[in-house]
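A short worksheet on the structure shown next.
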Amino acid sequence: MTLRAELERRLSAALERAGAPPGTPAIVQPATRAGFGDYQANGAMGAAKKLGRPPRELAETALAEADLDDLVAHAEIAGPGFINLTLSDACLGGQLAAFSAEVIAPRPVTDASPRVVVDYSSPNLAKEMHVGHLRSTIIGDAMARILEHTGHAVLRQNHVGDWGTQFGMLLAFMAEMSSNEDTLAHELNDLETFYRHAKERFDADPAFAQRARDTVVRLQRGDPVCLKLWEQFIEVSMQHCEAVYARLGVGLERRHVYAESAYNDDLAQVVADLDTAGLLTESDGAQCVFLDEFKGKDDKPLPLIVQKRDGGYLYATTDLAAIRHRCRNLRADRVLYFVDNRQSLHFRLVFAVARAAGFASEQTRLEHMPFGTMLGENGRPFATRSGGVVRLTELLDEAEHRAYALVTEKNPDLAETKRREIARVVGIGAVKYADLSKHRTSDYVFSWDGMLSFDGNTAPYLQYAYTRVQSLFRRAGIAPGTTDTTISLAEPAERTLALRLVQLPETLEIVVRDGLPHLLCSHLFDIAVAFMAFYEQCPVLTAEDPALRDSRMALAQRTGTALETGLDLLGIATVDRM
RNA sequence: GCCCCGAUAGCUCAGCUGGAUAGAGCAGCCCCCUCCUAAGGGGCAGGUCAAAGGUUCGAAUCCUUUUCGGGGCGCCA
């Protein structure tokens, strides 16, 4: 249990003993200002209002009832009825002593752990991955890591798009070329161009367009020639994705891929199940589900179409099949979808239908974790001047390029291979952090300079703070292992840093609850800022007193662990020097 | 027409179940490397939190209306 949760628990109980109704929250938060202590409890005011009692008096009574001696050194009532709490040095010291082994150690995952499906990345294999895929891939991966660290059984699902009409066009184009293996291999080397060429062919030649449509039908019927081409294409495209994942340090592997096509055989059964459940209605020849809670134009019912007039299935059907699979076979307690916010209505419908049909129980939490659209500098959905998109590989190349130039400027004496390594870690880290540090749901504007900034609240700043810790240990000639040194918190900078470190699990708790990794970014930045202040104000290696030196080394060590662990949870690596 | 999301400093954004004097980064100006890495630190300046009402002891946060953006709404995914 985190400090915050423990204080909440005890103060809530105290409020109840002071006369507030059971379940009254104490509303413990980190203090909004340094002068108010470390935490503040705001719950007494609201509770007093309901009881018609003076808020300060209720706060006083609750505080007198509360048993906080082992955690809190000072507590006082302030303003209209805030309870301000200052942690004792013993409490902070205890947390710091157990920091690596307990406070931020990974929670074990057992059979009893909550099972969380994380659906993320899920690119369409028809095209190359571009910058628009960053959000789902990066944020989803960070969330998977954080959930795993906090004791959840995480089931990554990469729901790649490998089925649908555009594959007809691509396969027909491949078929034209398959007489010449070299040309085909060459063309497939660049999926973006391949797609464009196929599309040009499709638009220009009606006969080709017809062949493309026929190909879709043949593919769906399992025509061996089509299937072979399809498999070849999918394999090339998957390998491209995996190369990008490897470069990004994203933990998605082949075993996490559960493609759209994997549900093909379930779709008829899904529709049959909906029929059995009495949910199916035919409308204009299509099979639909209408739910009372969803109304469209003119109060007309809003359909979820699960089967087209021509008998074909839609992505709604596939998503229903996926929910069924995740709940029944994967035994998910919670399913998180890191998918573009434009699909939010779609998910609301699909989730509601899945529950109505019994594909998901009432207990299973189905949560769309929407994210905003990447916009161009004109405020329109992002595209380059030529109308294309920026490929992910281009962005990463540029990131490493700029980072290499910078590290060479800052540290020309480092060996070439070392500078390459640093450039890779720093460049990729900057790109990921630029994405992770923004609120998930907000649209954001793509900008090379914004995404590749190395100053201020960026990954390189955090990585730099980490290298300073490593540098201290390097100079001291000792390994940065955990020691049982008593940590002095006499200096304000020491205390502020200690508090930020100890509060890290509280942030993780909120991130897990809301799926908002930018809160972790923000907290790590606070830690780094606090460390920089500590570093400026508190001499470590040159401290006169050996005990103080050891204490500060120990605090630096905790900082290093926090930064390394926190960055790792975001999927960002560290280096020892930069 | 209906629904969803948004509007906070010049720019990019935080602001967690309503809390005390709305915070960062960048850009601007000033200062700090004989001192543990200046990818750093310190300081200055910068806001009628889109607008108007309302609820509340207390509103950037909740409610209503309006304005301006973005997105979605029957056989694409």
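Every chain is numbered from 1 and lettered A, B, ... according to where its sequence line falls, protein lines coming before strand lines. On a predicted model such as this, the values are computed, not experimentally measured, just so you know.
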Applying a 4.0 Å non-hydrogen cut-off, can you work out what [X] is touching in the nucleic acid: base, sugar-phosphate, or nothing?
| X | result |
| --- | --- |
| A:Cys521 | nothing |
| A:Arg4 | base |
| A:Gln40 | base |
| A:Arg513 | sugar-phosphate |
| A:Asn341 | nothing |
| A:Ala78 | base |

State the syn/anti category of B:C33 according to its glycosidic angle, syn meaning within 90° of 0. syn

What integer number of Å spans the [atom1] atoms of [N] and [M]?
| N | M | atom1 | answer |
| --- | --- | --- | --- |
| B:A45 | B:C2 | P | 48 Å |
| B:G19 | B:C76 | P | 47 Å |
| B:U65 | B:G28 | P | 45 Å |
| B:G6 | B:C49 | C1' | 14 Å |
| B:C3 | B:G74 | P | 16 Å |
| B:G58 | B:A20 | P | 14 Å |
| B:C63 | B:G47 | P | 29 Å |
| B:G69 | B:C30 | C1' | 39 Å |

Going by atom types only, do A:Tyr433 and A:Asn457 share a side-chain donor-acceptor pair under 3.5 Å? yes

Without decimals, in angstroms, what is the distance between [X] [atom1] and [N] [atom2]?
| X | N | atom1 | atom2 | result |
| --- | --- | --- | --- | --- |
| A:Ile305 | B:C75 | CD1 | C1' | 4 Å |
| A:Arg552 | B:C36 | CZ | P | 16 Å |
| A:Leu508 | B:C16 | CG | C1' | 14 Å |
| A:Phe473 | B:U37 | CZ | C1' | 16 Å |
| A:Leu520 | B:C16 | CG | P | 17 Å |

Aromatic ring centroids of A:Tyr315 and A:His159 under 6.0 Å? no

The side chain of A:Tyr464 lies closest to which of these nucleotides: B:G40, B:C73, B:U12? B:G40

Candidates B:A39, B:A20, B:G74 - which lies nearest the side chain of A:Lys410: B:A39

With a 4.0 Å limit, can you tell me whether [X] has a side-chain N or O closer than that to the phosphate oxygens OP1/OP2 of [N]?
| X | N | answer |
| --- | --- | --- |
| A:Arg475 | B:U37 | yes |
| A:Ser453 | B:C26 | no |
| A:Thr32 | B:A22 | no |
| A:His439 | B:C16 | no |

Under the 3.5 angstrom rule, does the side chain of A:Ser522 hit a backbone N or O of A:His518 as a donor-acceptor pair? no

Between the side chain of A:Thr24 and the main-chain N/O of A:Ala47, is any donor-acceptor distance below 3.5 Å? no

Search all heavy atoms of A:Ile139 against all heavy atoms of A:Arg440 and return the closest pair with its distance. CG2-CD, 4.2 Å

Looking at every non-hydrogen atom in both residues, tell me the closest pair between A:Thr317 and A:Val306 and how far apart they are. OG1-O, 2.6 Å

Checking only heavy atoms, does the side chain of A:Tyr315 share a donor-acceptor pair with the base of B:A77 at less than 3.5 Å? yes

Taking donor-acceptor contacts at under 3.5 Å, does the side chain of A:Asn84 reach the base of B:A20? yes

Check for me: is A:Phe82 stacked on B:A20 by the 5.5 Å centroid and 30° plane-angle rule? yes

Is_stacked (A:Phe525, B:A24) at 5.5 Å, 30 deg: no

